[in-house]
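Structure, as structure tokens:
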Amino acid sequence: MCLGVPGRVLEVRGQTAVVDFFGVRRETRLDVVDEPVAPGDYILNHVGFAIRKIPTPEIGETLALYEMLLREAEHDIMAADVRGEIDAAPVAEDGPDA
Amino acid sequence: MPETAVPSAVDELKFRDPAKARALAAALGKVTREVGHAPVSVMHVCGSHEQAIAKFGLRTILPKGLNVIMGPGCPVCVTDLPEVDEAVVLAQDGKIIASYGDMLKVPGTAQSLADAQALGGRIEVVYSAAQAVELARDTTDDVVFFASGFETTAVATAAVALGDVPPNFSILSAHKYIPPVMEIVAEMPDSRVEGFLAAGHAAAITGWKIFERFVEKHRVPVVVAGFEPLDILAGLVKLIELVRDGTPRVENMFPRCVTPDGNRNAQRQLWRVFRTQGGRWRGIAHVPNGNLRLRDEFAHLDARSRYPIDLRRLWTHAPSALTQVCICGEIMAGLNAPENCPLFGKECVPESPVGACMVSSEGTCKIWYQYGGHPEL
Ligand code: SF4
């Protein structure tokens with residue numbers, strides 16, 4: 001439950017960001033994260049909130065871990081938890097992709 | 001039967017860097033022998049750590065003499081019966097209960113939320129606190145968000161409570177706070193836990209300095225580690241080094257994610273909305289300061305203040321005889337293992353769990369069941 005999922009910020013609309021999670025466009029709230037977030041940044045989303053901005057040097061490694069987790073079969077509980085984290089972010093309303 | 005095979009040798013593990021994994025495994029073996037006694041038992045308190053350990057078959061490469069135990073790191077598993085009962089009673093009284101999916105099958109005294117749903121209760125699964133608020137906006141009926149999870153998840157509930165919510169929305173908090181339960185486990189007379197591995201993302205919120213007082217008081221080291229298999233191995237090497245040297249302190253092996261002070265903005269919101277309160281953790285003990293409850297100024301959002309909740313009507317039924325056999329509590333205290341439960345994989349399976357440890361994807365019994373019964377084989 002506290003695994004979270006990383007995603008790339010496409011757009012910032014006030015306290016909400018439109019984020020790309022491995023090809024899925026979702027909204028994430030920015031109330032909790034303690035740094036300014038801009039398009040192109042990567043954030044870690046947990047139950048619908050960005051809990052931290054991922055520092056640039058760390059992005060590659062973080063994404064690789066989650067890609068490995070998500071490649072696993074449907075029944076895998078760790079992959080399912082990651083998908084649950086993506087589902088926790090509401091579907092983004094239409095808008096231009098960054 | 002469980003479908004996922006457990007890899008049996010280091011070369012078959014899905015490490016991105018097998019050479020590094022082998023080097024870390026060798027270092028771990030060496031430092032474990034250098035401790036000079038066996039077994040060395042360390043505990044982690046995070047379901048995601050246990051998932052990664054089981055999924056990547058890490059126990060296959062742990063040295064003999066090293067026990068890595070999963071402690072009370074599953075918030076669903078430690079939700080106590082009366083907390084489930086409160087949600088069931090509110091459902092019986094016609095409230096819509098919004099809850100994370102894992103909570104539905106957690107046994108209460110007489111019923112789980114899934115049972116209440118089968119009997120006509122309106123239970124809605126949500127993935128986030130914000131979805132529960134949306135649900136309330138879409139109806140005139142009362143919606144109660146049955147909120148579970150540790151501090152990392154409670155932060156999201158706090159942010160929602162501080163935002164705009166409709167008047168028919170309230171919160172039934174079953175949130176738990178991890179640091180106090182580490183004290184309980186460290187103080188258990190039978191506890192052989194010589195060190196703790198703390199979970200990276202939770203520490204991203206709290207910061208690693210929060211463990212300093214604990215280390216000082218209990219003289220056991222704490223190492224913060226990430227979720228990547230290599231992160232876990234590196235964290236274990238550091239932890240056993242500290243055990244070997246008899247130098248209890250906090251080490252942060254996940255600096256790219258965890259800072260000394262953590263996310264202060266998140267902490268501010270968490271503690272504005274919640275206060276700690278003592279309460280039972282299922283199967284473990286009464287944990288002083290172990291529960292997160294809404295502060296008085298948020299009483300208008302607190303289901304416990306808003307509604308009369310009479311649990312006695314559920315208590316005419318004793319919990320089922322099988323529940324008495326469940327050793328979930330001993331497992332979470334590091335005193336026992338799922339394979340020693342006579343119900344494991346027989347009467348107790350994920351489809352029909354007897355104990356809460358078989359319910360959640362973060363519960364030790366469910367994780368072991370999913371990854372082959374006994375992930376050390
Ligand atoms: S297998 Fe089921 S009954 Fe046995 S300890 Fe685990 S959760 Fe409890």
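Letters go in sequence order (proteins before strands), and every chain restarts at 1. Quick note: numbers below take in every heavy atom, side chains included, and nothing from hydrogens, waters or symmetry partners.
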Polar side chain donor-acceptor pair, B:T152 to A:H46, under 3.5 angstrom:
no
Which atoms of B:A158 approach chain A - backbone, side chain, both or neither, heavy atom under 4.5 Å:
neither
If we define contacts as heavy-atom pairs under 4.5 Å, which of B:A52, B:G226, B:G47 has the most with chain A?
B:A52
Got a sec, which residues hit disulfide (SG to SG under 2.5 Å) with B:C77, two or more places apart in sequence or on another chain?
B:C74
What are the two closest non-hydrogen atoms of B:S128 and A:V47, and how far apart are they?
CB-O, 3.4 Å
Is a donor on one side and an acceptor on the other found under 3.5 Å between the side chain of B:N263 and the backbone of A:R52?
no
Check: B:N265 side chain, A:D31 main-chain N or O, donor-acceptor pair, under 3.5 Å:
yes
For B:A204, which atoms come within 4.5 Å of any heavy atom of chain A: side chain, backbone, both, or neither?
side chain
What one should report as the nearest heavy-atom pair of A:R29 and B:V160 is NH1-CG2, 4.3 Å
Using 0.5 Å steps for rounding, measure from the CZ atom of A:F49 to the OG1 atom of B:T157.
8.0 Å
Could you go through residues 129-137 of chain B and list every donor-acceptor pair under 3.5 Å that involves a side-chain atom there, pairing it with any protein atom two or more places apart or in another chain?
{"residue": "B:Q131", "atom": "OE1", "partner": "B:Y127", "partner atom": "N", "Å": "2.8"}
{"residue": "B:Q131", "atom": "NE2", "partner": "A:D87", "partner atom": "O", "Å": "3.1"}
{"residue": "B:R137", "atom": "NH2", "partner": "B:D164", "partner atom": "O", "Å": "3.1"}

Among B:A156, B:G200, B:A266, which has the most heavy-atom pairs under 4.5 Å with chain A?
B:A156
